[in-house]
Amino acid sequence: MIRKKEWMFALILFTYGLCLLSSCKNGVELKKINGVLEEPVTIQLPEHLKKAYETAVKVHPFELMNDSANNVCVFGIGELDNGLSTEGYGVMVIKNATTTSFNEIRNTRQPKALYDASSNSLWLTSCVIEGTGTNVEQLYRMKFDSDDCAHIIQTIDPYQMQQKLIECLSYAVKVDQISFYANGVMIASVKNTVTDMGGLDDEQPIWIGEQISYDLENGQPRVCFVPGVNFTTGLVLLYDDMPTLSASIVFNEDGGFTLSDFSLL
């Protein structure tokens with residue numbers, strides 16, 4: 001016959017075991033977020049534009065950033081000779097009197113740029129996937145050599161960022177309340193108000209990957225992302241009630257990066 005204390009102890013162990021198996025957090029089951037992107041994004045300058053850039057005598061730029069204090073400017077290229085459209089390809093970086101061209105970098109949706117003089121680093125964002133409900137950016141880090149030429153030293157592909165976020169993120173659903181966790185700590189909780197899509201998908205309701213951008217304002221790049229909701233009816237993710245979440249990016253010596261300081265924007 002099991003005594004009362006032994007029975008209570010067994011019950012505690014059983015409950016704890018269930019929580020470990022289902023990744024419970026304060027009695028709530030946490031599930032891993034899913035990723036939309038299946039592979040790294042490939043950006044390739046079309047062959048006809050590559051040839052056009054090689055023979056272009058002049059370009060028609062538009063300003064993206066002008067840091068007059070450090071004599072650093074960034075321009076997108078809109079047209080080549082004879083009004084030929086660049087189709088959204090081409091960025092020029094100018095420091096002092098030296099111009100470096102990156103014809104393969106996308107310049108649509110007004111890329112953001114910031115020069116950090118303390119580290120001689122130029123941060124640049126570039127939209128590599130766009131569409132209705134979709135905005136996916138790639139992050140570049142450039143440095144200038146002794147001749148003021150710019151060189152790309154690090155790049156974060158959207159797929160890399162998505163996978164790093166998946167490592168850290170989880171979610172829980174309780175009726176219509178969706179809560180988001182980073183490394184087991186809740187960072188946001190929102191109520192789903194969509195009622196005409198048949199309810200949340202039972203197997204994979206929460207996804208990321210269609211909304212990834214970057215905030216450069218404070219000199220320390222932060223990734224910004226919005227989770228999407230998959231319903232039982234419909235073929236696209238919806239973002240109606242979803243929060244914008246953010247995390248700081250810390251680069252490692254080996255060229256990799258880690259995420260920290262997750263928060264709600």
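What you see below is based on every heavy atom in this structure, not just the backbone, and it leaves out hydrogens, waters and symmetry mates.
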Look only at the side chain of [X] and the backbone of [Y], and say whether a donor-acceptor pair between them is shorter than 3.5 Å.
X: K95; Y: A150; result: no
X: N82; Y: L84; result: no
X: D241; Y: T193; result: yes
X: N103; Y: Y89; result: no
X: D81; Y: V57; result: yes
X: T125; Y: K112; result: yes
X: Q162; Y: V36; result: yes
X: N120; Y: K143; result: no
X: T86; Y: I77; result: yes
X: N107; Y: V91; result: no

What's the separation between atom [atom1] in [X] and atom [atom2] in [Y], rounded to the nearest 0.5 Å?
X: N34; Y: Y171; atom1: CG; atom2: OH; answer: 6.0 Å
X: E79; Y: F62; atom1: CD; atom2: CZ; answer: 10.5 Å
X: Q220; Y: F251; atom1: CD; atom2: CZ; answer: 9.0 Å
X: I166; Y: I208; atom1: CD1; atom2: CD1; answer: 5.0 Å
X: R141; Y: D116; atom1: CZ; atom2: CG; answer: 8.0 Å
X: L49; Y: S85; atom1: CG; atom2: OG; answer: 7.5 Å

Considering non-hydrogen atoms only, spot the tightest contact between [X] and [Y] and give its length.
X: E167; Y: K32; answer: O-NZ, 3.3 Å
X: M242; Y: V226; answer: CB-CG1, 3.8 Å
X: V72; Y: M65; answer: O-CE, 3.4 Å
X: L238; Y: M197; answer: CD1-CG, 3.9 Å
X: P61; Y: M92; answer: CB-CE, 3.9 Å
X: E104; Y: I152; answer: OE2-CD1, 4.5 Å

Count the heavy atoms of every other residue, nucleotide or ligand shown that sit under 6.0 Å from CD of E203, and state whether that count exceeds 12. no
Side chain to side chain contact (heavy atoms under 4.5 Å, CB included) partner of [X], the single match among [options]:
X: C224; options: D215, N135, I212; value: D215
X: F180; options: L169, L264, V190, L30; value: V190
X: F257; options: V250, L139, V223, I156; value: I156

Check: Y115 ring centroid to F144 ring centroid under 6.0 Å: yes
Quick one, L259 and M161 - any side-chain contact, counting heavy atoms below 4.5 Å? yes
For F225 and F262, take the angle between the two ring planes, folded into 0 to 90°, and tell me which bin it lands in: parallel under 30, tilted 30 to 60, perpendicular over 60. perpendicular
I would like to know whether T155 and Q138 meet side chain to side chain donor-acceptor pair (under 3.5 Å); could you show each step before the answer? CA-CA 7 Å; T155 302; Q138 184 154 297; 5.1 Å; no
